[in-house]
Every structure is written in structure tokens, then in C-alpha cells.
Amino acid sequence: MEVNTFLAFDIGATSGRAVVMTFSKDQFEMKEIHRFSNGIMELHGRYYWDIYHIYKEIKKALCYCGKENIHLTSIGIDTWGVDFGLIGADGVLLALPRAYRDSFTEGVPEKFFQQRMSQMDVYKRTGIQIMNFNSLFQLYQMKEEHYSPLEQAAKALFIPDLLSYLLTGNCVCEYTDASTAQLVNPYTKEMDAELLCAAGVSTSLFEKIVFPGTVVGSLTDSLSKETGVGSIPVIAVAGHDTASAVAAVPTTDRNFAYLSSGTWSLMGIETEEPIISEESYQENFTNEGGIDGTIRFLKNITGMWLLERCREEWKREGKDYSYTELIALMEKEAPFRSLVNPNAACFANPQNMQDAISQFCRDSNQSEPETVGQYVRCIFESLAFSYRKVLTFLKQVAPFPIHRLHVIGGGAKNDFLNQLVADVIQLPVVAGPSEATAVGNGLVQARAAGLVCDRWEMRRFILSSLSPQIFVPQKEFEMYKDAYQKFLSLTSK
Ligand SMILES: C[C@H](O)[C@H](O)[C@@H](O)C(=O)CO
């Protein structure tokens, strides 16, 4: 029986993992073979990604496959969006990639709209939500600052493409990740030359766009030998992690919304065409690229980043809480004591997250959290209400009825939050797979190998291999009404 084995690298803002997916006939098995930490590093006031750390961790996973004689059919890499590395004409990486949480782009969109192109024009051209760290604004500000790596750069490679370049020596520009940049036209699916010009960079800075399933190249000879896995092809999968996750939503129809829950909460719907309107502009929704030419119409919500930062702070105070312990502490606390707007600018990259949450509560005349449990409850309840607010708009614009919410990614393992969300949105929550991003990565490789034909067959595959958990509403929304009104007052512009 023919067996195909794919190696999926899913690298997020706080951690990365290598997952081996083995396909035989109509089943697949997956095994995480390596997990490693990731994070931004500060240097002289600037924040970077340590791309060489990530490269070394990728090599460790390849060496493991070589040592264990795992015969790989191909490799695929997905990561977070918007960030990129700069390559010189001689192929050398000129600097560590800047990190989107670096504050050098704060206030830059406003400057760009004044000096180069209006906000409405930028939105109409890309359909992408305005966020200061979008690649368009990073490039424009680098140009303004005469950032030496950009001055020397011949190519810019988004992070998944940069890692594929380090493995193969070939440069590509994969569509789904490029779509997060605010540089791509969602109708032509090509880079917008006028936007590149407005940012002050040449159109040759980016390679021609390729689509998920494209072969980037094979591992370099030195890597093939060093790792012992041989010259394995590297596939450009849905390079934007959220695109890989959405590809793996275990569904057989389109009447759903999804929530990809991790450091960020990405909440949206899958459509055939972009939704670019006065309303989507006012609500700042985005039209990122998906597989099979689809659009991911969604909104970024600052997700578990709030809790991840608090956990780091408690850890520095000597208290390394597990998620189970945090949930237990949270359940002891009274509900809706304090709420925050997760997307408030003060939470982007504060010195201290607990202080930022307390300050937000003080500024909005609310009780400040005083215990670990109260901080966790504040975060979970604020996220649940954020999801209800976003879903309300999605229901208004979706060209189909939304019957359920699929929660995928690490957040799908949070039963307390899944049940609270089902109660607050008054719809069933279908939770899992928690490794949806790696699954989507592997399935796009399987499609490139001709094992599956489209996203619907991919999703049937998942449904036959993984059984998601279902949370149905158990409480009337009535009991949340007052708290939700308070939340809406905190998020109104
Ligand atoms: C900047 C964020 O990384 C991006 O908007 C988000 O979509 C993402 O990539 C989450 O991993």
C-alpha cells in the first residue's frame, strides 16, 4: 500500500512545531516530532525575529527524520503574516526580519494616507484591514528612515518564503501570506504596482506571486547530506498560518464562521469573492487570500496574547501556571467584574500587560482585577464578547446563513471558553482540530502530491480522521445582555 509522508512546519509568534503526517488510502495520522519556542528579540530599541534560531530548529526536525529513516514526500512551512526578510543582490540575508510588534510603524498609516494615498483608496485597492504593522506601512517607514537593509535589498521575502529560501536557495512569493501585506489586489491576486510605488519601493522587490501547492525547489545539497533526508521538495503551502488553518476546518458545507484561536483570534467566513464595501471599510474587516482562490473575510482580534503576556509576568514572579490551573482560579471569581477591549492599542506591546489591563479598567471606571483568576476571567469574557460583536457583522454580510462557529487552533482546547462563546453567540461551537494549521499545511502538500483534489475533499479527510467536540448553547443570552452592553460601550469608536 502506497504511503506518503509530509513534514509540516507551523511557526507562530510564540512557538513552532514540526508535524509528520502519514497518508495511506483514505486515512492520515499525524505526529508532532519537534516543538520549539519563538519570540521577538529587542536590539537597540528595535524588535526582530531570530530567523537563524528558527532555521536551526527546522534543521533539528529534519535531522530527526533522517535519523529515524522517515521517508518524506515533501516539506511545507507556514508562519504568521505581514513580516518579511530582505535579501541582497548576492542572495545574502541583510538583517534579521523586523517584528510586527515593533512600534516603528505606530502612526505611520495616518502619515501615509496624508502624503501618499487616501485610506479609502488603500482599502479599495486591497480590501485589507488597516493595521499599522501591515507590510505596506513597514516598507514605507523603512524608506522614510533610510533603513539600510532596505536600501541594499534586491528582494523582500515573507517569512514562510524566507525559510523556504534558506532551505532551497529559491525565491517565491506565496499568495496567502502576501495577501496579508496590504500590497495585493484581491481580484487580480497580483501585487499592486501603484501601492509599491507609493511606499517608495520597486515592483521588482517581490517575486511574481505563486499559489499554494507550488514546488519552491529541493533541499540544498549540503542540507540534504547534513540532515540525511535527501533532496526533498519544499512546497509553497498556504504560507499564512491562518490560511492553512481555515483550509482544515472540518466541514462539508459553507454555512459556517471560523475562529482561528491562538496568539491572535482571527474570526471570519470563507467566500468566493472579496467583500469590499463602505460597511466593511468602516468596521475594518479584511479580505485575506485562501486556498482554491477563496477569500478569508475576517477581523483580527488580539487573542491569547493578552493571557500569554500575563503568564510570562506571573512566571517571572515565580508562578508558572498551567492552563488548567488558570481556568480553576478563574472559575472561582465572579463573572463580568471587569471587561476590556482586546483591540485597544494599549495591549499591542505594553511594558506590563497586567498594568495595561488595570489601567484600562481604571480609565473606564471599572473594578480592576486583583487576583490571577480575575485577570483570566476578564480576558476570556472580553474575548467572548469580541467574538459576538464580530459575528453580528459577519451575519449581516455573509452570502449564506451561519449555522455554527468552528474554533480551530490551540484555543479549541479551552472547553470553558468554548462553552461561554456558544452561550454568548447563541450558536453551536464546533471545536477542533487544535493543530488545524499543521493539518492544513500537510493537506495542501497531499494535494500537490495528487492525493486529494480540493478543499472539500481535504475537509472530508479531516472529518474521517479527527472528531471535533461540539458545544451547544446552554444558557439564554438574556443573562449576558447588560454585560454585553457594557462591553460595546468600551469598544465604540
Ligand atoms: C500580524 C499577525 O501575525 C497576522 O495579522 C495574523 O493574521 C497572523 O498571522 C496570526 O498568526
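Just follow the structure's listing: the first ligand is 1, and inside any ligand the first atom is 1. Keep in mind that this is a model prediction, so the values were computed, not measured.
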Residues Lys60, Glu57; criterion salt bridge (charged side-chain N to carboxylate O under 4.0 Å, His left out); working and verdict: CA-CA 5 Å; Lys60 280 186 194 159; Glu57 296 297 332; 3.0 Å; yes
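Using modelled atom types, one finds no donor on one side chain facing an acceptor on the other under 3.5 Å when comparing Asn441 with Asp10.
Ring centers of Tyr147 and Phe104: at least 6.0 Å apart, outside the cut-off. The distance between the ring centers of Tyr55 and Tyr165 does not fall below 6.0 angstrom.
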Just the distances, no angles: every ligand 1 N or O to protein N or O pair closer than 3.5 Å, one line each.
from, atom 1, to, atom 2, distance (Å)
ligand 1, 5 (O), Asn300, ND2, 2.9
ligand 1, 7 (O), His240, NE2, 3.0
ligand 1, 9 (O), Gly81, N, 2.8
ligand 1, 9 (O), His240, NE2, 2.8
ligand 1, 9 (O), Asp241, OD1, 3.4
ligand 1, 11 (O), Asp241, OD1, 3.2
ligand 1, 11 (O), Asp241, OD2, 2.7

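Classification of Glu270 and Arg254 as a salt-bridged pair fails, no side-chain N sitting under 4.0 Å from a carboxylate O.
Here Thr263 pairs with Ala13, Thr14, Arg101, Trp305, Glu308 under the side-chain contact (heavy atoms from CB on, under 4.5 Å) rule; sequence neighbours left out.
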